[in-house]
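Keep in mind that what you see is a predicted model, and the values were worked out from it rather than measured. Indexing begins at 1, ligand by ligand and atom by atom, following the structure's order. Both backbone and side-chain heavy atoms feed into the values below; hydrogens, waters and symmetry mates do not.
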Amino acid sequence: MRWLILSAMTTLSLLIYAVTLHASYRTLRQQLLEQALDANQASASQLAQSTDTLLEAAQAQLAYSANLLATGQAHPGEESERLGRQTGTFASSWVVQADGRVLAGTPPKPASADTSKGTAESEAVMERRQPLIKVIDMPANDDPSIVVTRPIQTPDGRYQGRIGGTVAGSSLFHARPEERVATHVYLLDRAGRPLHPHGANFPAEALAEAARRGLSGSGALTDAQGTGWLAGYAPLRSAGLSIAILQPADAALEPLSGLMLRTLGRTLPFVLLVLMASVWLGGWIVRPLKQLAVTEHWESTIARERIEQVRTGYFEAEQLRQAMLEGLGRLHRRLRKLNRESITDPLTGLTNRRGKRLALSEWEAQQRPFAVIVIDIDHFKQVNDTHGHEVGDQVIQFAGQLMRRVSRSDDLLCRVGGEEFMMLLPDTSLETAAQVAERLRRCFAQEPSPTGEPISISAGVACWHGGGSLSSALTRADEALYQAKRSGRNRIVAGEPS
Ligand SMILES: Nc1nc2c(ncn2[C@@H]2O[C@H](COP(=O)(O)OP(=O)(O)OP(=O)(O)O)[C@@H](O)[C@H]2O)c(=O)[nH]1
């Protein structure tokens, strides 16, 4: 039972522990993913905001220079050089006149001087002679560059050309907030296509709608290879683009195993404690039950004493103990009754032959001296013949009553045959026993029996002094009785002392 309780509690504890660990794992995982998504979105928004500020500042600087050039307050070469030197915003700058000819540039021959041309959209902007911000196609590993241009128009509205510059990605993304584990920054066009870096391998289409609508937010994506990505995105309003910050989900979940190990380390001692408590509890529950499981000495008082000494400790075991004591009490009472019945003559209530034999064995073992009176009703056959067996039985019962009348409480009164009786008087001399026998004989002679008249008895008396043969003492009593019968009945004969 102990092992049953132990294994049940162990299984239950481990099951609860496993479920708790699993739930912790799921919660931690979810928390890490949500934190990463929030962080990526915050980074994307911050980066977009700082880039927007930078590009707006670049536009303002170009507007100032365009105004100086349009009003003839500055020379194109000087202004282009001043832009590069003074602000530090531009990696290169140039001035082109209305027909597209480069008037000045810093560096002197900027490779991207004509990069303000390109897409149909940007051409249209140029045609409309509006300011433009545009990402230049760059080699895959380079930082992106953004071209910012501004029309040069005289106060009366004549278009004289454009002034522009490139803002390098290094200065764009230097404002990037904290560099987080395995994060990648992407510039997306309005269709959500990655403009930079080239060949970006992520499920861009998932961000297309957000990019088109200029939304900011975050989401978990899965690419064609089944890799999970955590994306945060925000619109780069000044350039009509979006910035996305992506992080592989695995990288965000990297701390998970460490956290779970720490959780295990912290909780395992408690689990061991629970298991140890289970062992102790199992023992505590089983101990009184084990002690109550008495398998021997049920018939003696030892069992009762052992059960009484059991300290139960809890209600159910105490109930069981009480029930066992109650059952044991009943068993003992029943055994006593059976024992009594097995040594009692049912007609007279006197001790029967078996009881007599047991008592004699005990006295012999104890060497306890006793006197014996063997009694026989005279002519009992005639009683039966004359008055019937029923009256004969009543006479036998009557004989028992008279024997009780003349005896002491210590004396053992037995019915040893049909109308034969025996009185065993412990620690009694031959003379005293003979006197008792004589008193009994007189009782019979004087008291009317169930026949309506007194009846007579004959008796033989002998005694055993605690040594020698006990059976010879009994034989002497029998011989004395025989002698009393032969001498005419209704008399007592004491045998020879041993
Ligand atoms: N009613 C009745 N009679 C019994 C019982 N046991 C024995 N008897 C009868 O007791 C009688 C004993 O008779 P006997 O042994 O001849 O002895 P007796 O007639 O007493 O003659 P003596 O002993 O020589 O004086 C028999 O008739 C038995 O049937 C009993 O339990 N009830």
Is there a donor-acceptor contact under 3.5 Å linking the side chains of [X] and [Y]?
| X | Y | answer |
| --- | --- | --- |
| Arg415 | Thr351 | no |
| Asp376 | Ser458 | no |
| Ser216 | Tyr233 | no |

Within the protein, residues bringing a heavy atom under 4.0 Å of ligand 1, chain by chain: Asp376, Ile377, Asp378, His379, Phe380, Lys381, Asn384, His389, Gly392, Asp393, Ile396, Arg415, Gly418, Glu419, Lys485, Arg489
Salt bridge flag under 4.0 Å for residues Lys485 and Asp378: yes
Using the side chain to side chain donor-acceptor pair (under 3.5 Å) rule, collect all pairs that involve residues 319-331, keeping only residues at least two apart or in two chains. Glu318-Arg321, Glu318-Gln322, Glu326-Arg330
With a 6.0 Å cut-off (strictly less than), is the heavy-atom count around CZ of Phe315, excluding the residue itself, greater than 12? no
